[in-house]
Each structure stands twice: as structure tokens, then as C-alpha cells.
Amino acid sequence: QVQLVESGGGLVQPGGSLRLSCAASGSIFSGYTMAWHRQAPGKQRELVATIFSDSSTNYADSVKGRFTISRDNAKNTVFLQMTSLKPEDTAVYYCYGRRGILAGSWGQGTQVTVSS
């Protein structure tokens, strides 16, 4: 398993930007599929972005063109660069990682609030 620690959340105005970071330890990071999920109050957790071990990516339609997921394997870190933020992006953002048949690991979550 991989242990994940997230940072970078905070309060930002609509149209602003934030960069979330997820630092991984405890396993070989480069072989993992990594993802960002988010959960707003009263809502189900939803998949936001995925980056695979070959660095290919997938995005939810709601964030496509605004968010970018990336990874730095040398630093064992995955990032979520969020731009053009909207109030509906407000949620707790969670880092997730898995490899093969291993059970996935979740970070603790970091709050992102988009408000004037």
C-alpha cells in the first residue's frame, strides 16, 4: 500500500486557481494509478481526474479544460492544478492511489472553498 498526505486546499475566489499536492510514501509510486476525487456536503464522492502510470489522464466533464492532474515520480507526488474555479468546485478533495489488485489508498482530504 501507499500512504498519501494532501495539502494545498484553501479559500479562493471564483475564477481563481489552486494547486493541490499529494505526497506518497510506503511503496513504489511510479507504478500506481493516482486520482483526485471530491465530495461536497450531502453529495457522493465523485472522480475528478485520473493519471495512470504511463502519465495518460482522464477528467470529469465538469472540470475538463480547467483542471490538470500531473505527477512527479522522482518526488513521489501527484498534483491537481485547478484554474477558473467555480463555486460548484467547493468540496473536500481526496487523493487516491492503487496498483493492480491491491486495495486503494486514500488521503485524508483537503478542503477547497470557492467563494467571494
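For this chain, numbers begin at 1 and follow the sequence in order.
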ask   = Does the side chain of T50 reach to within under 4.5 Å of the side chain of T33, using non-hydrogen atoms?
value = yes

query = With a 4.5 Å limit on heavy-atom distance, are the side chains of T90 and S115 in contact?
reply = no

task = Rounded to the nearest 0.5 Å, what's the gap from OG on S105 to CG on L4? Could you check?
result = 5.5 Å

query = Atom CG of L47 and atom OG of S62: how far apart are they, to the nearest 0.5 Å?
reply = 9.5 Å

note = Rounded to the nearest 0.5 Å, the CD atom of Q111 sits from the CD atom of Q39 at a distance of 11.0 Å

message = Could you measure the distance from the OG1 atom of T57 to the CE atom of M34? Nearest 0.5 Å is fine.
response = 14.5 Å

task = Would you verify whether the NZ or CZ of R98 falls within 45 degrees of the ring axis of Y32 while also being under 6.0 Å from that six-membered ring's centre?
result = no

ask   = Rounded to the nearest 0.5 Å, how far apart are NZ of K64 and CG of N58?
value = 8.0 Å

All N/O donor-acceptor pairs, side-chain side in residues 76-88, below 3.5 Å, sequence neighbours left out:
unit_1	atom_1	unit_2	atom_2	d
T77	OG1	K75	O	2.8
T83	OG1	R66	O	2.7

query = Can you name the closest pair of heavy atoms from A24 and F29 and give their distance?
reply = CB-CD1, 3.4 Å

request  = Count the heavy atoms belonging to other residues, nucleotides or ligands that lie under 6.0 Å from NZ of K43, then report whether that count exceeds 12.
outcome  = no

key: Nearest heavy atoms of Q3 and G26, plus distance in Å   = OE1-CA, 3.3 Å

ask   = Same hydrophobic cluster for V63 and V92, using side-chain heavy-atom links shorter than 4.5 Å among ILVMFWY?
value = no

task = Examine Y59 and F52 and state if one hydrophobic cluster contains both, with Ile, Leu, Val, Met, Phe, Trp and Tyr joined whenever side-chain heavy atoms are less than 4.5 Å apart.
result = no

query = In the single-linkage hydrophobic clustering (I, L, V, M, F, W, Y; side-chain heavy atoms under 4.5 Å), do I51 and L20 co-cluster?
reply = yes

ask   = Is the closest side-chain heavy-atom distance between R99 and V2 below 4.5 Å?
value = no

request  = To the nearest 0.5 Å, tell me how far N73 CG sits from S55 OG.
outcome  = 6.5 Å

request  = Keeping the roles fixed (side chain from Q108, backbone from E6), state whether a donor-acceptor pair exists under 3.5 Å.
outcome  = yes

message = The criterion is ring-ring contact (aromatic ring centres under 6.0 Å, His included); which residues satisfy it with Y96, sequence neighbours excluded?
response = H37, W106

query = Just wondering, are more than 12 heavy atoms of other shown residues or ligands nearer than 6.0 Å to CZ in R71?
reply = yes

ask   = Any cation-pi pair here, R45 with Y94, using under 6.0 Å and within 45°?
value = yes

key: Minimal non-hydrogen separation, G10 against L18, with atom names   = O-CD1, 3.9 Å

